[in-house]
Amino acid sequence: MSSVTTSVMLTQRQACAQTKVTTRTRATEARARRGVAFGVRASADADLGKAAARTNKPLEKANLFNARFTPFAGDKNEEYSLDEIIYRSKSGGLLDVTHDMDALKIYPPEYWKALFDERVGKTTWPYGSGVWSKKEWVLPGIADEDIVSMFEGNSNLFWAERYGRENLGMTDLWVKQCGNSHTGSFKDLGMTALVSQVNRMRKMGKPLSAVGCASTGDTSAALSAYAAAAGIPSIVFLPANKISVAQLVQPIANGALVLSIDTDFDGCMRLIREVTAELPIYLANSLNSLRLEGQKTAAIEICQQFDWQVPDYVIIPGGNLGNVYAFYKGFSMCKELGLVDRLPRMVVAQAANANPLYRAYKKGWDKFEAVKAEPTFASAIQIGDPVSIDRAIFALTETNGIVEEATEEEMMDAAAEADLTGMFNCPHTGVALAALKKLRASQTIAPSDRVVVISTAHGLKFTHSKVAYHEKKLEGIESRYANPPVMVKDDFGAVMDVLGSRLNK
Ligand SMILES: Cc1ncc(COP(=O)(O)O)c(C=O)c1O
Ligand SMILES: N[C@@H](CCOP(=O)(O)O)C(=O)O
């Protein structure tokens, strides 16, 4: 494996452009601090003065944002630099990345909105990325030249008008296409943050010879791509024969060391945790809270795409359960910093074959018990012992959240039904859509509620099960919306017969 630490990630042209841009951005930010940018002068001046007085921070230090690791639950005085190789608190609990909110609050909401809006859709390094366009809220301390990005994020949030109207009687249904991304899933958002930090630490001389993860296919694809972009060796542990071919070929193509292990995801997760405790391999699963800093930007993006309005419900397919907390964190930072005025109600959707969170929810969070996850077409969420269970329960209780489940038939039908209105859903998005159907049927979600379904991966990663659905080859599944191709002889009359019988229906 190559040990090349690409200390220079940028081409010469990019680096040159970046110098100009950095200068321009600093000047812009300086103007903003003086309150003359973005047309918010009067209120910004007033807010800046008040904020500075409140926080006792001198204004000239206003751009010194910082973040550190603290225990997710427990003593917030226990803290670690993000440059430390650490995954657990002293008590063995999860960590979180905590931002200096007082420093961020020195700027009024209008400043952040204008800054984030101004960066969308540009090629300016690194702000062309939907993650790094929110850099001050993600990893404020990282140097631009250490960032490893493929301009992920900025995914489309589209109005599912016909599907909502015809199938659910809804007027305000939206789908956030997080799978329209470099490696085809939302994991890119987290991986750009984590691999950038690893890139920085390696340049600092930290003993990290590789990055590693356990995966159901999407984390491994994202990790291997970002690591390859940075010239960092990657190692992925995959449950043998439990991920799609499209997912498997991704780390292979990107040069990762791929270990196909005769176990399930939970077994791979246990192994990678043991291995990363022994060897200088940096753990890249969402147990590592750096990942969630990138993933949370999808929630900030949703607020931004709705012109800083918050939807009523956000429905997320859940497996290892990092993403639901990441979304919660994105929304709650927007609220705490005054960009929005409330939080959405969060819904986690699980496959009935892998539903430990759903079971705990049904018992009123009384007791969480890991399960043995059974095979599911939503193979990326075949997880029985989610590492972020505490984070997920917190996010759900803070937002009056809901957990739903979907059977194999419900998820495949929901994906196929929605596909008939122009989407191309992965089974995980099918799980979220099936949960939505149930919540509409029970009138929990009203016709005019604004709902965002998070589509977590691209449907093209899961063509095998989608094709089998349309060929009616899935055991125990009726395939209500199957649309198999019609085999026809090379004959004008035969073609006309088929067209006639179809068009006259
Ligand atoms: C496509 C897809 N959807 C949903 C999830 C669930 O995300 P999380 O593990 O953060 O709950 C995963 C991975 O776990 C995934 O790969
Ligand atoms: N679906 C995931 C499972 C691991 O999740 P992570 O977010 O903890 O890395 C995958 O694609 O591997």
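Just so you know, ligand 1 is whichever comes first in the structure, and atom 1 is the first atom listed for that ligand. Start at 1 with the first residue, then count along the sequence.
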**OP:** Check whether any heavy atom of Gly322 sits under 4.0 Å from an atom of ligand 2.
**Re:** no

Original post:
Does ligand 1 have any atom that is closer than 4.0 Å to a heavy atom of Gly318?
Top reply: yes

Original post:
Would you say Arg291 touches ligand 2, if touching means a heavy atom closer than 4.0 Å?
Top reply: yes

**OP:** Compute the minimum heavy-atom distance from Lys461 to ligand 1 and say whether it is under 4.0 Å.
**Re:** no

Original post:
Hey, is ligand 2 close enough to Ser220 that some N/O pair sits below 3.5 Å?
Top reply: no

**OP:** With heavy atoms under 4.0 Å as the rule, classify the contact between Asp218 and ligand 1 as side chain, backbone, both or neither.
**Re:** side chain

Could you pull out every donor-acceptor pair under 3.5 Å between side chains of residues 418-428 and any protein atom, sequence neighbours left out?
residue, atom, partner, partner atom, Å
Asp419, OD1, Asn425, N, 2.7
Asp419, OD1, Asn425, ND2, 3.1
Asp419, OD2, Lys466, NZ, 2.5
Thr421, OG1, Ala418, O, 2.7
His428, NE2, Ala380, N, 3.0

Subject >> Ligand-side contact atoms (ligand 2) for residue partner Ser215, heavy atom cut-off under 4.0 Å >> reply: 10 (C), 11 (O), 12 (O)

Original post:
If you count the atoms of ligand 1 from 1 in the order shown, which ones are under 4.0 Å from a heavy atom of Asn320?
Top reply: 8 (P), 9 (O), 11 (O)

**OP:** Answer yes or no: does atom CH2 of Trp159 have more than 12 heavy-atom neighbours from other residues, nucleotides or ligands under 6.0 Å?
**Re:** no

Original post:
Among the heavy atoms of Met269, does any lie under 4.0 Å from an atom of ligand 2?
Top reply: no

**OP:** Could you list which atoms of ligand 1 come closer than 4.0 Å to a heavy atom of Thr456?
**Re:** 1 (C), 2 (C), 3 (N), 4 (C)

Subject >> Row check, Tyr127 ring normal vs Arg119 NZ/CZ: under 6.0 Å, within 45° >> reply: yes

Original post:
With a 4.0 Å heavy-atom cut-off (strictly under), which part of Ile381 contacts ligand 1: side chain, backbone, both or neither?
Top reply: side chain

**OP:** Indicate the ring-plane relationship of Phe116 and Trp308, choosing parallel, tilted or perpendicular according to the 30° and 60° boundaries.
**Re:** tilted

Original post:
ligand 2 versus Asn320, non-hydrogen atoms closer than 4.0 Å: side chain, backbone, both, neither?
Top reply: side chain

**OP:** Could you list which atoms of ligand 1 come closer than 4.0 Å to a heavy atom of Gly322?
**Re:** 8 (P), 10 (O), 11 (O)

